[in-house]
Amino acid sequence: MMSEPLLFIENLHKSFGKLEVLKGVDLTMNASDVVSIIGSSGSGKTTMLRCVNLLEEFHEGRILIDGEEIGYTLKNGKRQRLPKAQIARHRALTGMVFQTFNLFPHLTALKNVTLGLIKVRKMKKDEAAEVARHWLSRVGLLDRQDHYPGQLSGGQQQRVAIARAIAMNPKLMLFDEVTSALDPELVNEVLNVIKDLASDGMTMLIVTHEMRFAFDVSTKVIFMNEGRIGEQGPPAELFNNPKSKRLAEFIQNSTF
Amino acid sequence: MDYRLNFDAVWRSFDLLLSGLALGLGLAIVSIFIGSLIGLIAAFAMLSKNKLWRGIAVAYVTAIRNTPILVLIFFTFFALPQLGVRLGKIESFVFTLTIYSGAYLTEVFRGGLIAIPPGLREAGLAVGLTEWGAQRWVIIPVMIRNVLPALSNNFISLFKDTSLAAAIAVPELTFYARQINVNSFRVIESWTVASLMYVFACYIIAAGLRLVERKLAIP
Ligand SMILES: Nc1ncnc2c1ncn2[C@@H]1O[C@H](COP(=O)(O)OP(=O)(O)O)[C@@H](O)[C@H]1O
Ligand SMILES: [Mg+2]
């Protein structure tokens with residue numbers, strides 16, 4: 001029996017004004033896949049993740065999560081964005097981790113994680129705290145649960161952000177260059193957390209400039225080039241035998 | 001010049017001065033609370049994409065900030081009744097002070113909202129909060145903490161502005177000081193004591209608000 005793909009993107013188009021940023025992207029992911037997106041700055045990687053998380057509107061194409069189309073519906077043959085409450089529900093199918101952490105600065109690490117559990121998942125406080133402690137402990141920060149973001153290092157903040165996203169029990173985790181804003185010595189603690197989640201079978205779509213990490217963790221790597229998927233394949237194939245000149249150049253100019 | 005200081009008349013009426021001080025504080029507290037609500041709504045209106053909302057908010061803030069507060073007080077107390085809106089003097093003054101503080105707080109909150117990085121709203125949305133939820137649980141609490149010092153200053157100004165209520169015979173501190181002055185001719189004594197009471201009260205309030213600010217500050 002064929003199961004539904006966990007993420008199905010078909011012919012995704014997105015423009016900012018006259019600038020077309022995504023020019024028809026197709027992507028299929030199955031449960032437990034870890035897909036890394038590489039590519040030069042401005043190629044549309046962030047925009048693609050933000051479309052999947054419905055933080056951006058898109059003009060054409062469909063995105064399905066677990067068989068359910070998200071964000072838009074057809075009404076009398078016309079494509080229409082869903083009402084806000086539905087958008088919020090669809091958005092919660094995915095968990096997003098940002099380059100700049102974006103922790104809630106007025107809340108402790110624990111409360112950063114429990115906010116969504118209480119306000120969105122409608123959990124009781126105690127139950128939410130228990131879930132939050134479980135995930136803070138998974139990212140190695142249980143002893144920092146009462147610290148505010150301003151009292152944590154960049155790497156610690158990003159690990160809290162990961163805990164905050166994954167505690168919501170999303171079907172798919174989205175990572176957008178989550179180590180780019182970190183001092184080099186803090187990068188690995190974050191990457192190790194992501195690897196740990198991968199070994200758990202979490203489905204993840206990861207934009208990254210860490211080539212070594214992409215090579216190690218991915219089931220598939222995608223090379224984005226000027227708003228299109230330039231090339232895709234298993235990491236070994238893509239990194240060792242790039243077919244296009246663009247990818248070969250990109251890999252050559254990247255550090256491993 | 002042979003003026004002998006004699007505070008007897010002032011001390012005899014000191015309880016009146018105290019009750020006037022308390023009333024002034026009460027007026028300021030009520031006004032800043034309701035004014036904050038108005039200011040918050042107007043700040044969101046100013047930042048909204050809707051031209052009508054924006055227009056209303058800008059008109060409100062511009063009109064109020066460019067009118068002397070004493071004129072606003074007289075307008076509400078003398079002119080509004082002619083238009084059929086009859087308020088008691090205390091209600092009339094609270095109404096004016098609320099509208100007045102709302103206009104200034106609109107600017108404070110608008111600045112606070114602009115200063116919040118957009119990523120914070122998106123992080124709220126990303127955990128599944130609705131647009132309103134992200135505002136309610138993330139943006140507004142962070143913004144309020146950030147503008148707390150400005151709020152404190154506004155409150156102290158507002159408290160001092162309550163002395164203008166004497167102009168429409170609201171029995172607050174300035175009103176009683178003048179009453180004592182007129183009845184006893186103790187000019188220097190009554191105004192000295194009234195001034196010192198304002199200074200003392202403002203000092204205590206400021207110290208209290210600093211404590212609150214420190215307690216609520218984002219670490
Ligand atoms: N909000 C926006 N408004 C206008 N242009 C944007 C916006 N966001 C991104 N872009 C443009 O879209 C292109 C792709 O951006 P992005 O998806 O961030 O690329 P990447 O993440 O691959 O570096 C860039 O040219 C960028 O300038
Ligand atoms: Mg990017």
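In what follows, every chain begins at residue 1, and chains take the letters A, B, ... in the order their sequences are listed. Since this is a predicted model, take the numbers as computed values, not measurements.
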Self-check item: Whether over 12 other heavy atoms sit under 6.0 Å from Phe200(B) CZ
Solution: no
Quiz item: Of all of Gly119(B), Pro117(B), Ala217(B), Pro141(B), which one pairs up most often with chain A through heavy atoms under 4.5 Å apart?
Solution: Gly119(B)
Self-check item: Whether over 12 other heavy atoms sit under 6.0 Å from Trp53(B) CH2
Solution: no
Quiz item: Do Leu115(A) and Val127(B) have side-chain heavy atoms sitting under 4.5 Å apart?
Solution: no
Practice problem: Measure the shortest side-chain to side-chain distance between Leu125(B) and Leu54(A) over non-hydrogen atoms and say whether it is less than 4.5 angstrom. | Solution: no
Quiz item: Of all of Gly133(B), Gly124(B), Gly128(B), which one pairs up most often with chain A through heavy atoms under 4.5 Å apart?
Solution: Gly128(B)
Quiz item: At their closest point, which heavy atom of Ala123(B) faces which heavy atom of Phe98(A), and how far apart are they?
Solution: CA-CE1, 3.8 Å
Quiz prompt | Per-residue contacts, residues 153-171 of chain B versus chain A, heavy atoms under 4.5 Å | solution = none
Please report all inter-chain donor-acceptor pairs (under 3.5 Å) between chain B and chain A, with distances to 0.1 Å.
residue	atom	partner	partner atom	Å
Gly119(B)	O	Asn102(A)	ND2	3.2
Glu122(B)	OE1	Arg50(A)	NH1	2.8
Glu122(B)	OE2	Arg50(A)	NH1	3.4
Glu122(B)	OE2	Arg50(A)	NH2	2.7
Trp137(B)	O	His106(A)	NE2	3.2

Practice problem: Give, as side chain, backbone, both or neither, the part of Leu103(A) having an atom under 4.5 angstrom from any heavy atom of chain B. | Solution: backbone
Quiz item: Rounded to the nearest 0.5 Å, how far does CZ of Phe104(A) lie from CD1 of Ile218(B)?
Solution: 12.5 Å
Quiz item: Would one find more than 12 heavy atoms of other residues, nucleotides or ligands at under 6.0 Å from atom CZ of Phe95(B)?
Solution: no
